[in-house]
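What follows is a set of notes on a single structure, which appears directly below.
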Protein chains: 2
Amino acid sequence: MGATKTEYFTDQQNAIAVIAKALGHPARVAIIDYLLRVDDCICGDIVNELPLAQPTVSQHLKELKNAGLIKGDIEGNRICYCIDENTLQKLQSYFTDISSVLEKKKNNCC
Amino acid sequence: MGATKTEYFTDQQNAIAVIAKALGHPARVAIIDYLLRVDDCICGDIVNELPLAQPTVSQHLKELKNAGLIKGDIEGNRICYCIDENTLQKLQSYFTDISSVLEKKKNNCC
DNA sequence: TATCTATATCGTAATATTGCAATATAAATA
DNA sequence: TATTTATATTGCAATATTACGATATAGATA
């Protein structure tokens, strides 16, 4: 018990859940926000932007990377992270689909 | 240690995280999918649609409700759940914002 | 009223997440 | 080469999540 039963759900459902889960922590939302604000990709100071210790930030970055939401290249001393637009696109089109279904339904029963 | 430090982040960041977290489990994505497929709001058999025990489904429904993603009315013996479009709208517009920022940036450095 | 049916809650075990100090790694620089 | 700087990894404690059996609740129905 305790572990998510991913094998019982569809690939699509699991894929959406993985991406959503990665965004399910304010620090990770803050990281995405920061990467959006920064010009180009000269990152390297994400740690200073967050109210968390360096290992904690590193861990959150790892999770965002595992979920495919960001990608990073080694650049000398530093790592340059930026948003992976493809993955965000996936989530966005999922919501677009939902919206269009809801649009057709127009059920106001609740 | 161990608890998320929500007080360190903005209301917006926390709000997005709460909604995303609720979608961060395939069973809950499956529930949303099911509510989208069902005509009207004559639910009442969500449990049979999922490969999980009834208390587990009930718990997932509670979390979706707490996050504002679904709403439910008591209808006699049953509870009629349906999607709360406003909350989904919030997430969707968040992604739309992100997309428009990315569109302007066009940074291909990673 | 007794029973059935649908859902919620409680209690608890298994597992996962969050956060950080300590330490490791590796490139840059003195 | 020694030091500095940026990031990752390890190890661990605190907390949260996931799942479900047992039980409670409450409307519907016999």
Side-chain angles (χ1 to χ4, degrees), chain A residues 1-9 13-14 17-31 34-35 38 41-67 70-82 110, chain B residues 1-9 13-14 17-31 34-35 38 41-67 70-82 110:
Chain A
M1 272 177 264
T4 296
K5 299 189 163 182
T6 51
E7 69 275 16
Y8 290 179
F9 302 98
Q13 286 163 348
N14 281 310
V18 164
I19 305 172
K21 190 174 188 178
L23 282 174
H25 191 291
R28 296 194 286 265
V29 175
I31 290 172
Y34 176 65
L35 290 178
V38 168
C41 213
I42 317 159
C43 315
D45 50 352
I46 297 179
V47 170
N48 302 320
E49 287 291 316
L50 290 179
L52 295 170
Q54 181 268 323
T56 309
V57 174
S58 187
Q59 192 174 299
H60 282 306
L61 286 167
K62 196 178 177 183
E63 277 167 66
L64 284 171
K65 199 171 181 183
N66 285 341
I70 63 175
K71 43 189 177 173
D73 280 336
I74 296 173
E75 250 187 32
N77 206 5
R78 307 180 167 200
I79 293 225
C80 160
Y81 282 115
C82 64
C110 285
Chain B
M1 270 178 264
T4 295
K5 298 190 161 179
T6 52
E7 69 275 17
Y8 289 177
F9 303 98
Q13 286 163 349
N14 281 310
V18 164
I19 305 172
K21 191 175 189 178
L23 282 174
H25 191 290
R28 296 195 286 269
V29 175
I31 289 171
Y34 177 66
L35 290 178
V38 168
C41 211
I42 316 160
C43 314
D45 48 353
I46 298 179
V47 170
N48 300 322
E49 286 291 317
L50 291 178
L52 296 170
Q54 181 269 322
T56 308
V57 174
S58 188
Q59 193 174 297
H60 283 306
L61 286 166
K62 196 177 177 185
E63 276 166 67
L64 284 170
K65 199 173 182 182
N66 285 342
I70 63 174
K71 42 189 178 174
D73 280 337
I74 297 172
E75 249 187 34
N77 206 4
R78 308 181 167 199
I79 293 226
C80 160
Y81 282 114
C82 63
C110 284

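As the structure is a computational prediction, the values presented were derived from the model and not from experiment. First the proteins, then the strands, lettered A, B, ... as listed; each starts at 1.
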What is the distance, rounded to the nearest whole Å, between atom NZ of A/Lys65 and atom C1' of D/dT7? 11 Å
Tell me the interatomic distance from B/Leu50, atom CG, to C/dA6, atom P, rounded to whole angstroms. 16 Å
Any donor-acceptor pair under 3.5 Å linking the side chain of B/Asn14 with the backbone of B/Thr6? yes
Any residue meeting side chain to side chain contact (heavy atoms under 4.5 Å, CB included) with B/Lys65, in chain and number order, not counting sequence neighbours: B/Ile70, B/Tyr81
For A/Arg78 and D/dT7, is the shortest distance between a side-chain N/O and OP1 or OP2 below 4.0 Å? no
To the nearest angstrom, how far is A/Ile70 atom CD1 from D/dT7 atom P? 12 Å
Could you pull out the closest heavy-atom pair between B/Leu64 and B/Ile31, with the gap in Å? CD1-CG2, 3.7 Å
Verify the contact: side-chain N or O of B/Tyr8 to OP1 or OP2 of C/dT18, cut-off strictly under 4.0 Å; return yes or no. no
To the nearest angstrom, how far is A/Ile31 atom CD1 from C/dG19 atom P? 10 Å
With sequence neighbours left out, what residues match A/Thr56 under side-chain hydrogen bond (donor to acceptor under 3.5 Å, both in side chains)? none
Roughly how many Å is it from CD1 in B/Ile79 to P in D/dA28, rounded to a whole number? 13 Å
Over all atoms of both residues, closest heavy-atom pair of B/Pro26 and A/Ala17: N-CB, 3.4 Å
Contacts to DNA chain D from residues 20-30 of chain B, heavy-atom cutoff under 4.0 Å, which residues? B/Lys21, B/His25, B/Arg28
Want to settle it: does A/Thr6 or B/Thr4 sit nearer the 5' end of DNA chain D, counting the closest nucleotide to each? B/Thr4
DNA chain C contacts made by residues 51-59 of chain B, counting heavy atoms under 4.0 Å: B/Gln54, B/Pro55, B/Ser58
Send over the distance from B/Lys62 NZ to C/dT9 C1', rounded to a whole Å. 7 Å
State, yes or no, whether a side-chain contact exists between B/Pro51 and A/Lys5 at a heavy-atom distance under 4.5 Å. no
A/Leu61 CG to D/dT7 P, in whole Å, measures 9 Å
Whole angstrom value for the distance that separates P of C/dT7 from CG of B/Asn48: 8 Å
For D/dT17 and B/His60 - does any side-chain N or O of the residue sit under 4.0 Å from the phosphate oxygens OP1/OP2? no
All pairs passing side-chain hydrogen bond (donor to acceptor under 3.5 Å, both in side chains) where residues 17-29 of chain A contributes a residue, at least two apart: A/His25-B/Thr4, A/Arg28-A/His60, A/Arg28-A/Glu63
For D/dC20, does OP1 or OP2 lie under 4.0 Å from any side-chain N or O of A/Lys5? yes
Once side-chain hydrogen bond (donor to acceptor under 3.5 Å, both in side chains) is applied, do any residues pair with B/Gln13, and if so which ones, sequence neighbours excluded? A/Asp33, B/Thr10
Set of side chain to side chain contact (heavy atoms under 4.5 Å, CB included) partners for A/Val57, sequence neighbours left out: A/Ile46, A/Val47, A/Leu50, A/Leu52, A/Leu61
